[in-house]
Amino acid sequence: MSRLRRLFQASVDATKRAISGNLDELMPPPERPIFSFNSKQELSKWHLYSDSEFGGLSSASLQITESENGGTSGIFSGNLSLDVCEGSKWNITRSGFCGMRSKKFDGFIDLDSYDTIAMKLKGDGRSYISTIYTENWVNSPGQMEDNSWQAFVYVPEGNWYITKIPLARYLPTWRGNVIDAQMEMNPSRVLGMSLSVNAEGGVPGARSGPGDFRVELDWIKALRTE
């Protein structure tokens, strides 16, 4: 069957279900997996960045490890430094940050039916930053940067922890600074995500400052809670 015919048949079937009143089948599932750190192939979906690209001395790594019971998880770890290389050509005003950013999806993913991002993590007591990248429609025309929306994630030290971040809590940012304007994310055009950490700032009570960081990741999902 040709692709066009399959699409036509799927449309006919959906219409029949709607007419017959079987609306449950038209609703998306209550959760949508986005990333699962269950194999080394997952590493190919991410790239690392840090202040070292601009003369800083922070470093980071991302690895997939296997536990004693056979399960796997991703470990994002490294060291945050506030120092800057002597003689650097970059006149940076701050250092002490690292991040892991997903490579762009093939096109985009549509999260319009969901209202929350959930992550299963095991952390070090630091505050991390969750970022969602969407298609550019907020920035000025001609800019090539994706729109970025950020929210803090506090990861308690020790046991596995599931954090749930409502999409409404993500704030529009540009190069790490919050945009002081009333804007709404377009969750139907998500291009990628990232998780990052800064030596300074974060939520009150969280561990901060230069030094080592380590967070273990199991999965990232979108949830429909309403």
Side-chain angles (χ1 to χ4, degrees), residues 35 37 42-65 73-104 117 119 121-134 136 138-140 142-158 161 163 165 169-181 183 191-217 220:
F35 296 106
F37 297 86
E42 188 71 20
L43 295 177
S44 64
K45 300 179 182 179
W46 299 86
H47 66 83
L48 299 170
Y49 63 90
S50 72
D51 56 47
S52 63
E53 300 173 25
F54 308 100
L57 296 176
S58 299
S59 60
S61 67
L62 177 62
Q63 301 176 341
I64 301 294
T65 62
S73 60
I75 296 180
F76 172 49
S77 61
N79 182 269
L80 298 170
S81 172
L82 299 178
D83 298 327
V84 179
C85 293
E86 293 185 9
S88 171
K89 66 177 181 178
W90 301 97
N91 185 26
I92 61 174
T93 58
R94 63 175 181 172
S95 60
F97 64 87
C98 295
M100 49 180 282
R101 177 171 178 172
S102 70
K103 297 177 182 178
K104 284 192 175 183
I117 295 296
M119 305 180 191
L121 309 165
K122 184 192 293 186
D124 53 5
R126 285 187 180 271
S127 178
Y128 289 78
I129 300 173
S130 171
T131 305
I132 297 175
Y133 300 96
T134 59
N136 185 333
V138 172
N139 294 332
S140 301
Q143 290 189 5
M144 299 302 293
E145 296 182 48
D146 305 326
N147 295 147
S148 59
W149 309 79
Q150 297 185 322
F152 282 116
V153 180
Y154 171 62
V155 187
E157 186 175 2
Y161 172 75
T163 184
I165 315 167
R169 205 201 304 169
Y170 283 83
L171 299 177
T173 62
W174 186 70
R175 298 186 179 180
N177 297 307
V178 175
I179 299 175
D180 186 16
M183 299 176 182
L191 299 172
M193 305 180 77
S194 73
L195 187 69
S196 58
V197 59
N198 292 340
E200 300 177 327
V203 300
R207 177 187 162 206
S208 62
D212 293 340
F213 69 89
R214 185 182 189 277
V215 62
E216 196 167 350
L217 305 101
I220 301 175

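Numbering starts at 1 and runs along the sequence shown. When reading the values below, keep in mind they use all heavy atoms of this one structure, side chains included, and skip hydrogens, waters and symmetry mates.
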Interatomic spacing from [atom1] in [X] to [atom2] in [Y] - rounded to 0.5 Å:
X	Y	atom1	atom2	value
F37	L43	CZ	CG	9.0 Å
I75	K122	CD1	NZ	8.5 Å
L171	T131	CG	OG1	11.0 Å
N79	S52	CG	OG	11.5 Å
Q150	S194	CD	OG	6.5 Å
L48	S196	CG	OG	12.0 Å

Check whether any side-chain N or O of [X] sits under 3.5 Å from a backbone N or O of [Y] as a donor-acceptor pair, and report yes or no.
X	Y	result
R126	E157	no
S81	S58	no
K103	H47	no

The single option from V153, N198, L195 that satisfies side-chain contact (heavy atoms from CB on, under 4.5 Å) with I129 is N198

Salt bridge (charged side-chain N to carboxylate O under 4.0 Å, His left out) pairs touching residues 195-214, sequence neighbours excluded, are D124-R207, R214-E216

- Message: In terms of relative ring orientation, are F54 and F97 parallel, tilted or perpendicular, with 30° and 60° separating the classes?
- Response: tilted

Please give me the minimum heavy-atom distance between [X] and [Y], naming the atom from each residue.
X	Y	value
V203	S127	N-OG, 3.5 Å
G56	S95	CA-CB, 4.5 Å
G209	L80	O-CD1, 4.4 Å
I64	G74	CD1-CA, 3.9 Å
F213	S59	CE2-O, 3.8 Å
S130	Y170	OG-OH, 2.7 Å

*Check whether any side-chain heavy atom of Y133 lies under 4.5 Å from a side-chain heavy atom of K104, and answer yes or no.*
no

Quiz item: Can you find a pair of side-chain heavy atoms, one from N147 and one from M183, that are under 4.5 Å apart?
Solution: no

**Asked** Quick check, are the ring centers of F76 and W46 under 6.0 angstrom apart?
**Response** no

*Among side-chain atoms of Y154 and T163, is any donor-acceptor pair under 3.5 angstrom?*
no

